There are 2 protein chains.
Amino acid sequence: MNEQIQTLCKEHNIKLTTARSLILEVLKRASHPLSYEQIKDKMNASMDKATFYRNIALFEEAGIVHKFESDDRKWYFELSGTTHAHFICEHCHQITCMEVDLGKVEGEVKSIVLKGLCKECHQ
Amino acid sequence: MNEQIQTLCKEHNIKLTTARSLILEVLKRASHPLSYEQIKDKMNASMDKATFYRNIALFEEAGIVHKFESDDRKWYFELSGTTHAHFICEHCHQITCMEVDLGKVEGEVKSIVLKGLCKECHQ
DNA sequence: AAATTTATGCAACTTAGTCGCAAAGGATCT
DNA sequence: AGATCCTTTGCGACTAAGTTGCATAAATTT
């Protein structure tokens with residue numbers, strides 16, 4: 001029953017149920033984006049995937065959570081924060097966060113994903 | 001029977017079959033990344049999706065073609081060229097190419113995907 | 001406490017992409 | 001040319017992440 005999570009939901013008019021609390025607590029502890037499988041494994045309780053995805057969709061609409069696709073055909077989720085970039089390594093599939101200076105861009109940028117080989121895999 | 005396509009395949013030790021020629025010609029004419037469905041529709045002949053994906057995988061390994069995922073759970077393909085970024089609009093799903101200056105990054109960056117709202121959809 | 005709304009879980013479904021296998025197409029050798 | 005071998009193609013079955021319908025459960029309202 002995290003204080004920050006309660007206020008976060010209250011701010012966005014989202015009722016805080018058990019399922020929602022479980023998802024948000026995992027995301028809050030995470031240091032990088034996680035997939036459904038990864039989030040499920042980090043929860044102390046079981047949750048149906050339909051419940052998970054429906055609540056994630058709710059969070060997304062509210063702007064609390066942000067998602068993007070990696071190159072393994074899975075979606076990765078994280079709490080919205082500062083717009084930072086993710087580097088996905090094509091070899092080891094590790095996702096790391098990084099800062100990128102974009103300069104001026106027309107429109108609104110919500111996510112930046114770089115793919116390639118991380119420094120370890122690139123030798 | 002494009003001259004450039006023939007030399008491209010010869011350079012990478014890839015035998016130029018009818019199917020491969022069809023795929024590469026569509027990609028060569030394209031001004032932005034295309035999905036399997038889009039490429040199929042632009043071809044004058046029919047092609048099985050297994051054939052398509054197998055040849056695309058071959059092109060990828062050779063470094064001729066580059067792919068990435070949009071937010072519609074589809075892969076988009078384009079001929080490899082200069083490392084440029086793609087902006088995917090979450091609202092109208094249009095993909096546009098843009099130049100981004102990254103500065104120095106450790107490892108090797110192969111693709112950059114920005115998501116958000118394009119200037120039209122952002123008003 | 002009954003009625004209404006909202007959230008959850010199960011199972012069936014959707015769909016982009018993959019895989020096994022047999023047939024077709026080329027290349028090579030005698 | 002004909003026989004043999006290897007590669008490519010197409011068909012159909014399969015895979016798996018994510019979605020949807022529907023019935024039940026849990027809140028919320030009256």
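On a predicted model such as this, the values are computed, not experimentally measured, just so you know. Chain identifiers are assigned alphabetically (A, B, ...) following the order of the sequence lines, protein sequences preceding nucleic acid strands; residue numbering begins at 1 within each chain.
Within the 4.0 Å cut-off from OP1 or OP2 of C/dT8, at least one side-chain nitrogen or oxygen of A/Thr17 is found.
With rounding to whole Å, B/Leu16 atom CG is found 15 Å from C/dG25 atom C1'. Rounding to whole angstrom units, CH2 of residue A/Trp75 and C1' of C/dT15 are separated by 13 Å. As rounded to whole Å, 14 Å separates atom C1' of D/dG10 from atom CD1 of B/Ile23. Atom CD of A/Glu69 is separated from atom P of C/dT15 by 16 Å (rounded to the nearest Å). Residue B/Ile14 contributes atom CD1, which lies 13 Å from atom C1' of D/dT8 at whole-angstrom precision.
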Output one line per pair: protein atom, nucleotide atom from nucleotides 24-29 of chain D, and distance, for all N/O pairs under 3.5 Å.
none

Would you please test A/Leu27 and A/Ile64 for side-chain contact (heavy atoms from CB on, under 4.5 Å) and show each step?
-> CA-CA 11 Å; A/Leu27 289 179; A/Ile64 296 176; over 6 Å; no
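For the segment residues 44-65 of chain B, the set of residues with a heavy atom within less than 4.0 Å of an atom of DNA chain D comprises B/Met47, B/Asp48, B/Ala50, B/Thr51, B/Arg54, B/Asn55, in numerical order. Applying a 4.0 Å cut-off to non-hydrogen atoms, none of the residues of residues 30-42 of chain B approaches DNA chain D.
Between A/His86 and A/Pro33, the shortest heavy-atom contact is NE2-CG, 3.4 Å.
Under the 4.5 Å side-chain heavy-atom criterion for ILVMFWY residues, no single connected hydrophobic cluster contains both B/Leu79 and B/Val109. Note on B/Phe87 and A/Phe87: same hydrophobic cluster, where clusters join Ile, Leu, Val, Met, Phe, Trp and Tyr whose side-chain heavy atoms are under 4.5 Å apart, directly or indirectly.
More than 12 heavy-atom neighbours from other residues, nucleotides or ligands sit within 6.0 angstrom of NE2 on B/His12. Around the CD atom of A/Glu60, the shell of radius 6.0 Å holds more than 12 heavy atoms that belong to other residues, nucleotides or ligands.
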Show the atom names and distances, to 0.1 Å, of all donor-acceptor pairs under 3.5 Å that link a side chain in residues 45-57 of chain A to residues at least two apart or in another chain.
unit_1	atom_1	unit_2	atom_2	d
A/Asp48	OD2	A/Ala50	N	3.0
A/Asn55	OD1	A/Arg20	NE	2.8
A/Asn55	OD1	A/Arg20	NH2	3.4
A/Asn55	ND2	A/Thr51	O	3.2

Please list, one pair per line, the donor and acceptor atoms closer than 3.5 Å that link side chains of residues 36-43 of chain A to other protein atoms, with sequence neighbours excluded.
unit_1	atom_1	unit_2	atom_2	d
A/Gln38	OE1	A/Ser35	N	2.8
A/Gln38	OE1	A/Ser35	OG	3.4

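Partners of B/Asp72 according to the side-chain hydrogen bond (donor to acceptor under 3.5 Å, both in side chains) rule, which considers only residues two or more places apart in sequence or in another chain, are B/Tyr76.
Exactly one residue among B/His66, B/Lys67, B/His32, B/Lys28 makes a side chain to side chain contact (heavy atoms under 4.5 Å, CB included) with B/Glu78. That residue is B/His66.
Residue whose closest nucleotide on DNA chain D sits further toward the 5' end, between A/Asp72 and B/Arg20: B/Arg20.
For A/Glu3 and A/Thr7, the side-chain atoms include no donor-acceptor pair closer than 3.5 Å.
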